[in-house]
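First comes the structure, then the notes that go with it.
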Amino acid sequence: MQSLRDELRDLSNRVDELEKRAQKSSSSTNPTTESDGFWALNELQSRLSDDQTTSDGAVMLVGSLTLAEGGPIAWQQTIGTSGLIESDWSEQAAVFAALGHPVRVELLRQILSGVHHTADLAAIESLGTTGQLHHHLRQLVATGWVRQTGRGSYEIPPARIVPLLICIASAER
């Protein structure tokens with residue numbers, strides 16, 4: 001069992017390390033990015049400089065929101081870029097293609113807004129006939145943008161919500 005003195009020493013060491021990181025982060029930030037509000041980028045760059053295994057860089061997806069039903073969503077993913085650019089992206093083509101149809105994008109928006117049941121979705125005229133609706137739902141389920149939660153009920157998996165919103169936001173011109 002660790003003594004109180006040992007625990008206090010360990011805690012003191014951890015605080016010292018955090019203070020060093022904070023000082024390093026504030027002293028090494030680029031004034032342009034700091035004034036532009038790139039706080040997440042500054043933190044990512046700080047962490048990358050501390051982590052020698054990700055010397056090629058990284059990308060980060062992060063978001064926090066409250067859904068129409070009141071459920072909070074908070075999600076982040078950091079991916080090292082080493083090998084990412086050189087890898088085969090053809091497997092991701094179907095995932096992006098699923099977002100390439102206006103009805104599927106509207107279907108995702110409706111589900112994210114709280115419309116989860118096939119009967120309610122079928123009542124939305126812009127989503128087409130029931131057959132077309134099921135076709136589009138199958139495409140979205142097959143690519144992981146949507147999952148079936150019961151008979152005639154669908155949702156967007158929590159881990160897909162922030163990436164979806166990032167795709168939509170990044171498509172803005």
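Reckoned from all heavy atoms, side chains included, excluding hydrogens, waters and symmetry mates. For this chain, numbers begin at 1 and follow the sequence in order.
With rounding to the nearest 0.5 Å, the separation of CZ in R138 from CD in Q148 is 11.0 Å. Taking CG of L108 as the start and CD1 of I161 as the end, the distance is 10.5 Å to the nearest 0.5 Å. Atom OG1 of residue T143 and atom CZ of residue R160 lie 7.0 Å apart, to the nearest 0.5 angstrom. In this structure, E69 CD and L112 CG are separated by 8.0 Å, a value rounded to the nearest 0.5 Å. Note that CG of L140 is 9.5 Å distant from NE2 of H135, once rounded to the nearest 0.5 Å. Of the inter-residue distances, the one linking I166 atom CD1 with W75 atom CH2 reads 7.0 Å to the nearest 0.5 angstrom.
Within the 3.5 Å criterion, the main-chain N or O of R109 finds a donor-acceptor partner in the side chain of S113. No donor-acceptor pair under 3.5 Å is formed between the side chain of E155 and the backbone N or O of P157. One N or O on the side chain of H101 and one on the backbone of V103 form a donor-acceptor pair closer than 3.5 Å. Side-chain atoms of H116 come within 3.5 Å of backbone N or O of Y154 as a donor-acceptor pair.
If you chain together hydrophobic residues whose side chains sit under 4.5 Å apart, F96 and L84 never meet in one group. Note on L61: it clusters hydrophobically with V95, by side-chain heavy-atom contacts below 4.5 Å among ILVMFWY residues. Hydrophobic clustering (ILVMFWY, side-chain heavy atoms < 4.5 Å, transitive): I124 and L137 are in one cluster. Under the 4.5 Å side-chain contact rule for hydrophobic residues, I111 and L65 share a cluster. Both I156 and I168 sit in one connected hydrophobic cluster of ILVMFWY residues. Membership requires side-chain heavy atoms under 4.5 Å apart, directly or through other members.
Residues V162 and V62 have side chains not in contact (no heavy-atom distance under 4.5 Å, counting atoms from C-beta outward). Residues R47 and M60 fail the side-chain proximity criterion, which asks for heavy atoms closer than 4.5 Å.
Checked options T129, T118, L121; the residue passing with H134 is T118 (criterion: side chain to side chain contact (heavy atoms under 4.5 Å, CB included)).
Between A98 and Q139 the shortest heavy-atom distance is CB-O, 4.5 Å. Pairing each heavy atom of A58 with each of T78, the nearest pair is CB-CG2, 3.9 Å. Between Q77 and I79, the shortest heavy-atom distance links the atoms NE2-CD1, 3.5 Å.
Counting non-hydrogen atoms of other residues, nucleotides and ligands closer than 6.0 Å to CD of E86 gives a total above 12.
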